[in-house]
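A short write-up of the structure that comes next.
Both ligands and their constituent atoms are indexed starting at 1 by order of listing. Residues: numbered from 1 along the sequence shown.
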Amino acid sequence: MYISINGKIVEDKNSSISPMSEGYMFGYGLFETIKVVNSKMCFLEEHIERLKKSCKKIGLEFNFNIKEIENRAYKILEKNKLNIGAIKIVYSKNGEENYLIITTRKSSYTENNYKVGYKICFSDIRRNPDSILPYIKSVNYMENIIAKKIGNEKGYEEVIFLNTKNKIAEGSVSNIFFIKNDILFTPSIECGILPGITRDKVIDIAKELDVKVNIGEFSKDELLNADEVFITNSLMDIMPISNIDNKLFNIEKNIITCKIMNKYKSLIGG
Ligand code: PLP
């Protein structure tokens, strides 16, 4: 497999970064995962915009234009012959010349995942809305990884974080939505969540479908009493939830989720 490091294409096994880099040593960097469908990147502009904004937040200079990144990404897609999967862009601090690394990977989500839905549980780890970390896709994902690992070991595919105010925040790699009485609910950014690109698209789709959207602060009980629940991220798109901490949800009755899923599918051309 080939990767792109600062515009140079190299085989991953022959690639290297400096162990002295701040990105490697301290997790001072950011990343984006972008879905690839039919050899095209989905919502590239939105991802680069979030990357730029996040760079500003953490004081990391970012001087690339979108065309330059797009060219590098398409070169790697072509070299690795990937037409469906994901592009990952990592931008991290390394002295005067930062690293912009682009890699590709296949998706691990299966058709069966969407058919049976995901089982999720609550994590004991809390999102802190006063911290900067929930709002950026930092390369320091340790808390997310640990939380997910604990959930996976208990048989759940994803974990949900509450925040320090005991309200629903987000998943370890996803944003969360629920539907009650035909209204779509999702935590506001201020709950301490990543402003997900898929989340924005889902909100727009719901509005187009004349589904009322309520963005705010919600409790664990409100989520558990929902009619339909789903989570989102760029690679998984929209995943129905069939079980939260062993409370079952009959995803065959997911009317609104299905409508949103269908519209989203046609949006990304999948
Ligand atoms: N929240 C977290 C913590 C994530 O890691 C992700 C994606 O990986 C998301 C939300 C969803 O973001 P997006 O839809 O931009 O992929």
Side-chain angles (χ1 to χ4, degrees), residues 27 29-37 41-55 57-58 73 85-91 103 105 107-109 113 118 120-123 125-129 131-152 156-164 167-178 184 186-206 215 218 223 229-241 260-261 263-265 267-268 270:
L30 301 161
F31 73 101
E32 287 293 328
T33 304
I34 302 165
K35 187 168 181 118
V36 175
V37 179
M41 285 180 282
C42 304
F43 314 126
L44 178 68
E45 247 173 72
E46 288 88 335
H47 283 280
I48 300 300
E49 222 22 69
R50 181 170 66 189
L51 185 58
K52 270 191 198 165
K53 272 192 199 155
S54 304
C55 278
K57 278 192 188 142
I58 65 168
I87 278 274
K88 184 170 172 181
I89 300 174
V90 180
Y91 185 62
T103 60
R105 73 177 158 105
S107 170
S108 55
Y109 299 106
N113 288 149
Y118 258 23
I120 61 176
C121 64
F122 293 102
S123 171
I125 299 172
R126 300 294 166 117
R127 279 275 181 266
N128 178 4
S131 159
I132 195 172
L133 289 177
Y135 305 102
I136 58 173
K137 250 175 113 72
S138 127
V139 291
N140 191 333
Y141 245 43
M142 191 140 73
E143 213 167 58
N144 302 41
I145 290 169
I146 293 168
K148 192 157 189 273
K149 192 168 179 287
I150 293 170
N152 289 161
Y156 296 95
E157 280 108 355
E158 171 64 311
V159 292
I160 300 302
F161 296 110
L162 299 177
N163 64 19
T164 46
K167 301 294 179 190
I168 304 285
E170 63 175 346
S172 71
V173 293
S174 59
N175 290 119
I176 188 156
F177 290 81
F178 63 93
L184 180 69
T186 198
S188 61
I189 302 295
E190 294 74 30
C191 290
I193 65 166
L194 186 76
I197 308 292
T198 325
R199 174 182 177 276
D200 280 350
K201 302 293 169 192
V202 164
I203 292 169
D204 289 347
I205 288 173
I215 301 170
F218 308 108
L223 177 68
V229 182
F230 63 86
I231 56 174
T232 62
N233 81 24
S234 294
L235 194 50
M236 82 165 51
D237 304 330
I238 298 169
M239 181 65 74
I241 299 303
I260 296 174
M261 284 172 86
K263 268 235 164 199
Y264 189 79
K265 221 178 193 176
L267 187 64
I268 60 167

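- Rounded to the nearest 0.5 Å, atoms CD1 (Ile238) and CD1 (Ile205) are 6.0 Å apart.
- Tyr264 does not carry Lys201 over the face of its six-membered ring by the limits of under 6.0 Å from the centre and within 45° of the normal.
- The minimum heavy-atom distance linking Thr232 with Arg199 is given by the pair OG1-N, 4.0 Å.
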With a cut-off of 3.5 Å and sequence neighbours excluded, list every side-chain donor-acceptor pair involving residues 143-150.
| unit_1 | atom_1 | unit_2 | atom_2 | d |
| --- | --- | --- | --- | --- |
| Asn144 | ND2 | Ser172 | O | 2.8 |
| Lys149 | NZ | Glu153 | OE2 | 3.1 |

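- Taking 4.5 Å as the limit, every side-chain heavy atom of Thr186 sits out of range of all side-chain heavy atoms of Val202.
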Are any protein N/O atoms closer than 3.5 Å to the N/O atoms of ligand 1? If there are, list each pair with names and the distance to one decimal place.
| unit_1 | atom_1 | unit_2 | atom_2 | d |
| --- | --- | --- | --- | --- |
| ligand 1 | 1 (N) | Glu170 | OE1 | 2.7 |
| ligand 1 | 5 (O) | Tyr141 | OH | 2.4 |
| ligand 1 | 8 (O) | Lys137 | NZ | 2.7 |
| ligand 1 | 14 (O) | Ile197 | N | 3.4 |
| ligand 1 | 14 (O) | Thr198 | N | 3.0 |
| ligand 1 | 14 (O) | Thr198 | OG1 | 2.6 |
| ligand 1 | 15 (O) | Arg50 | NH1 | 2.8 |
| ligand 1 | 15 (O) | Arg50 | NH2 | 3.0 |
| ligand 1 | 15 (O) | Ile197 | N | 2.8 |
| ligand 1 | 16 (O) | Ser234 | N | 2.9 |
| ligand 1 | 16 (O) | Ser234 | OG | 2.7 |

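- Separation of the Phe31 and Tyr141 ring centroids falls under the 6.0 Å cut-off.
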